[in-house]
Amino acid sequence: EKGGYDSFMLKEIHEQPQAVRETMGARIDLEQKRVILPELKMSDAELAKYDRIYIVACGTSMHAGLVGKDVIEKWTRVPVEVAVASEFRYRDPIYTDNTLMIVISQSGETADTLAALREAKKTNVKVMAITNVVGSSVAREADEVLFTWAGPEVAVASTKAYTSQVVTLYLFSLYLAQVKGTLKAAEVAEVVDHLQDIPAKITSLLEDAEQVRHFAESTKGVNSLFFIGRSLDYAVSLEGSLKLKEISYIHSEAYPAGELKHGTLALIEDNVPVVALATQPDIYEKMVSNIVEVKARGARVLGFAMEGNTDLAKSVDEVIYLPTTLPMLAPILTVIPLQLLSYFASVARGLDVDKPRNLAKSVTVE
Ligand code: F6R
């Protein structure tokens with residue numbers, strides 16, 4: 001049942017090229033190079049009117065939402081707020097007639113996410129679910145559903161669900177941009193072309209895992225590890241950090257790189273490992289300055305850069321190069337070595353990768 005892999009997590013990590021392909025599936029019109037979402041019940045005219053979005057979820061699904069926020073705002077100019085469901089359910093959210101709520105849940109059964117959805121349904125706000133499980137409570141109770149089609153996820157640590165949620169959010173953002181006219185047809189076509197290349201690029205990252213394995217093994221005696229990044233890289237950092245804590249029990253924090261000097265830099269000392277994500281060209285120079293700051297305090301830095309950007313090697317101890325893609329699509333590639341990092345760190349410590357202590361796959365109690 002683990003298909004030759006030693007754990008469900010590793011199997012599911014390797015299923016990502018296929019999972020992402022399934023997510024895109026029939027939703028990409030290859031001839032017109034645009035997105036189609038036939039499952040939406042609402043009209044394009046209705047969708048076009050939404051001018052405010054709340055994304056509500058827990059854990060890894062919330063992290064997918066953070067990527068979605070930046071993408072939706074960039075491509076559609078609609079402001080998006082991302083909230084943790086356990087907080088959101090007790091808030092008094094500001095809904096207008098033009099507010100759309102998106103809940104994201106792999107299982108579709110997470111208690112807080114479901115409660116947030118039910119609270120919202122007491123008002124007139126339209127709720128769209130992004131979920132992996134057909135027939136789940138979230139899928140049944142939301143007004144609209146986009147299924148992620150990642151296939152069953154068994155390991156407690158979510159991997160292919162995250163990447164397929166992120167792809168679903170790309171597709172939704174593109175569709176919203178088409179409907180609102182905020183991207184030109186040629187711009188949509190360019191993203192669609194790059195999306196189509198993503199599965200093969202994930203495969204190449206999976207085949208080339210030695211460097212990340214080596215880095216993970218070198219963290220064996222380490223108590224604490226930091227992830228730093230800006231903008232989309234920060235959103236992915238949060239996911240890398242959660243995954244590492246969850247299955248390797250190494251304390252870690254994800255920090256917006258520019259925020260380090262407001263306190264957290266005090267924790268950087270000799271040999272503290274720092275994973276520095278530098279995939280975003282518009283803030284690349286700023287990232288390098290932050291890397292120089294942690295290096296000056298003795299950090300051992302593993303950098304992530306887009307292929308060809310060999311310049312980063314000058315500032316860090318080691319670099320992982322990601323296959324080139326559009327900056328907006330980088331998260332879906334960046335997360336792959338981060339998942340592997342947590343997996344290898346867990347294995348190196350002799351832990352049960354699939355069943356981390358204190359955690360359940362589906363959190364159906366508050
Ligand atoms: C982390 C993880 C959790 C879930 C969270 C939400 O690897 O799996 O953080 O993402 O419990 O679960 P769903 O998406 O089922 O609502």
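Counting convention: from 1, in listed order, for ligands and their atoms alike. When reading the values below, keep in mind they use all heavy atoms of this one structure, side chains included, and skip hydrogens, waters and symmetry mates.
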For [atom], find the nearest protein heavy atom and state the residue, atom name and distance (0.1 Å precision).
atom: atom 10 (O) of ligand 1; result: Thr60 N, 3.1 Å
atom: atom 15 (O) of ligand 1; result: Ser107 OG, 2.7 Å
atom: atom 6 (C) of ligand 1; result: Cys58 O, 3.4 Å
atom: atom 13 (P) of ligand 1; result: Thr110 OG1, 3.2 Å
atom: atom 11 (O) of ligand 1; result: Val363 CG2, 4.2 Å

Taking 4.0 angstrom as the limit and counting only heavy atoms of [X], give me the atoms of ligand 1 inside it, by number and element.
X: Ala157; result: 7 (O)
X: Ser105; result: 13 (P), 14 (O), 15 (O), 16 (O)
X: Glu246; result: 1 (C), 2 (C), 7 (O)
X: Ser61; result: 10 (O), 13 (P), 14 (O)
X: Gln106; result: 13 (P), 14 (O), 15 (O), 16 (O)

### Cluster overlap Leu322 with Val274, hydrophobic side-chain contacts below 4.5 Å
no
### Query
Polar-atom distance check: Gln165 versus ligand 1, any N or O pair below 3.5 Å?
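No, no N or O pair falls under 3.5 Å.
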### Task
Report yes if Gly59 has an N/O atom closer than 3.5 Å to an N/O atom of ligand 1; otherwise report no.
no
#### Entry: Neighbour count >12 (heavy atoms, 6.0 Å) for atom CZ, Arg91
yes
Beyond-backbone contact of [X] with [Y], side-chain heavy atoms, under 4.5 angstrom:
X: Leu351; Y: Ile247; result: no
X: Thr60; Y: Lys243; result: yes
X: Lys122; Y: Arg118; result: no

### Task
Give a yes/no verdict on whether any heavy atom in Val156 is under 4.0 Å from an atom of ligand 1.
yes
### Query
If you measure from each heavy atom of Lys243 to ligand 1, is any distance below 4.0 Å?
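Yes, Lys243 has a heavy atom closer than 4.0 Å to ligand 1.
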### Task
Compute both the distance and the angle, then confirm whether Arg349 meets the cation-pi test with Tyr249: under 6.0 Å from the six-membered ring centre, within 45 degrees of the axis.
no
### Query
Between the main-chain N or O of Ile94 and the side-chain N or O of Tyr54, is there a donor-acceptor pair closer than 3.5 Å?
yes
### Query
Quick one: does Glu153's side chain have a donor or acceptor within less than 3.5 Å of a partner on Ala161's backbone?
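It does hold such a pair.
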### Query
Could you give the distance from NZ (Lys245) to NE2 (His251), rounded to the nearest 0.5 Å?
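So the NZ of Lys245 and the NE2 of His251 are separated by 6.5 Å.
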